[in-house]
There are 2 protein chains.
Amino acid sequence: MGSPYHQFCPVAKAMELLDERWTLLVIRELLAGSRHFNDLRRGLPRMSPTLLSKRLNQLVASGVVERRRDGREVVYSPTRSGEELRPAIELLGAWGMRWTGVLGDVDLDPKLLMWDLHRNVDRALVPSGTTVVQFDVTDVAARQGQWWIVLTPEEVDVCDADPGHEVSATVTGSLRSLVEIWRGDRTWIDALRAESVTITGPERIRRLIPAWFRPGNFAAVPRPDPDLVA
Amino acid sequence: MGSPYHQFCPVAKAMELLDERWTLLVIRELLAGSRHFNDLRRGLPRMSPTLLSKRLNQLVASGVVERRRDGREVVYSPTRSGEELRPAIELLGAWGMRWTGVLGDVDLDPKLLMWDLHRNVDRALVPSGTTVVQFDVTDVAARQGQWWIVLTPEEVDVCDADPGHEVSATVTGSLRSLVEIWRGDRTWIDALRAESVTITGPERIRRLIPAWFRPGNFAAVPRPDPDLVA
DNA sequence: CAGTATCCCTTATGATACTG
DNA sequence: CAGTATCATAAGGGATACTG
């Protein structure tokens, strides 16, 4: 649906469908499990809803995404074709991890961090009842500096306003430190030891937090020899 | 070098560098072996030289491509980082082969076909001396309908004007038939048998042509179950 | 060979507000 | 929840001609 390249090369034909701005990130979100318009928006905060809508329509038209109504809801999901993009997107992400250098401050978005942290929680490790973990991001304007993740074995939610429940533990750190953990640049253990991130709360919970809030899927990508990057 | 996504996700960081129009195709050309500006242009015929120049500069700036002067020549080559995109581009091409459907007539470009055929020739199979194979593309305006590929064990060239040497054999067929062979949709053998493509010339040469002009690199990609595509 | 120089113009996209 | 509506701006990019 992008402009045509007038090439029969399959790479060109693939890129006609995929290389417009945001397109592959929309697919990434779908492959990560988002199914509703507003969930997708949360994973793509800087994308205007108009554009998201347009991209979704394009992807449906090109057979990469399926749109279904489920009662009053609309459900987007990757088709077989979309699902087959997963390995390519994983390679691109691994490449990005290895070769795109140091993140700029503008890349550090607390909304996205919280959204991804909550999405990766291993619910099997969450005790029954409700547990609330507060995140204090120290170097971010108030409105984006406090978050609560509400965990139950059935469900994990993010809130940007105090959910009311008692807070079981609080994680405090700079946005960059938290993102570094997500990226696998350093482990929870290292960050806690260096006190770039701290956790307050009962030891039982403190110990579980690194297990709940696992690093992102690319954290394990081996980094290139530093000589090559410089 | 594209506009930033303001995301720390490595897929987003990769796409900032790669998802602008033409970028990945430039890299594809470099990975296919093109090293000079005008070679790249031949593999990217609809790209304006201004834009190619811009993209090359961007890729150099982002460390994906190296630019070197060699005497009066300028040589572009993939860096380690660029080389590491090969698997991703191969997956995208394989995906394109499986999921982008039937080619439109506008995608069938004889220049590109000849350029790719010549580039894939296995020179080890070319006899010493000079062999000229003429291609008559039956359904294309005269100016783009006749081509000559000049083969020696050292070098293979494409000409769009009669190179003067004696022609050893002539391949005749529609553009689509020839592209179908390139894509692996059908084999030389099948196309010859069905007479959608014909070769005239001494049997010795006729037999070698399918070996010289091998299908493209994606020809072997398994196609999806037809039910799924429809 | 390896690019620049122009020129025009569409289109993409960001931002925001609003609706069924 | 799931989008549309609107608007203004900036880019992006196509075509062509030209240069060291």
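Checking C:dG3, D:dA2, D:dC1 against every side-chain atom of A:Arg42, the shortest atom distance belongs to D:dC1.
The ring pair (Phe, Tyr, Trp, His ring centres under 6.0 Å) pairs that include a residue from residues 106-129 of chain A are A:Trp115-A:His118, where partners are two or more places apart or lie in different chains.
Regarding contacts with the backbone of C:dG3, a side-chain N or O of B:Arg67 is found under 4.0 angstrom from either OP1 or OP2. Between B:Tyr76 and C:dG3, a side-chain N or O to OP1/OP2 separation shorter than 4.0 Å is present.
Here the straight-line distance linking atom CG of B:Asp109 with atom CG of B:Leu103 works out to 12.0 Å at 0.5 Å rounding. The distance from the CE atom of B:Met15 to the OG1 atom of B:Thr23 is 9.0 Å, given to the nearest 0.5 Å.
Summary for the helix from C:dC1-D:dG20 to C:dG20-D:dC1: the axes at its two ends, each from 5 pairs, differ by 60° when rounded to the nearest 10 degrees.
Where A:Asn57 and B:Gly2 each meet DNA chain D at their nearest nucleotide, the meeting point lying more 5' is that of A:Asn57.
Per the geometry, CG belonging to B:Asp39 stands 14 Å off C1' belonging to C:dG3, to the nearest Å.
Cation-pi geometry between B:Arg21 and A:Tyr5 is met: the NZ or CZ atom falls under 6.0 Å from the ring centre, inside 45° of the normal.
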Dump every N/O contact between nucleotides 10-17 of chain C and the protein below 3.5 Å, one line per pair.
residue : atom : partner : partner atom : Å
C:dA12  : OP2  : A:Lys54 : NZ           : 3.2
C:dT13  : OP2  : A:Arg55 : NH2          : 2.4
C:dG14  : OP1  : A:Arg21 : NE           : 2.8
C:dG14  : OP1  : A:Arg21 : NH2          : 2.8
C:dG14  : OP2  : A:Trp22 : NE1          : 3.3

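Side-chain contact check for B:Asp107 versus A:Glu16: some heavy-atom pair is nearer than 4.5 Å.
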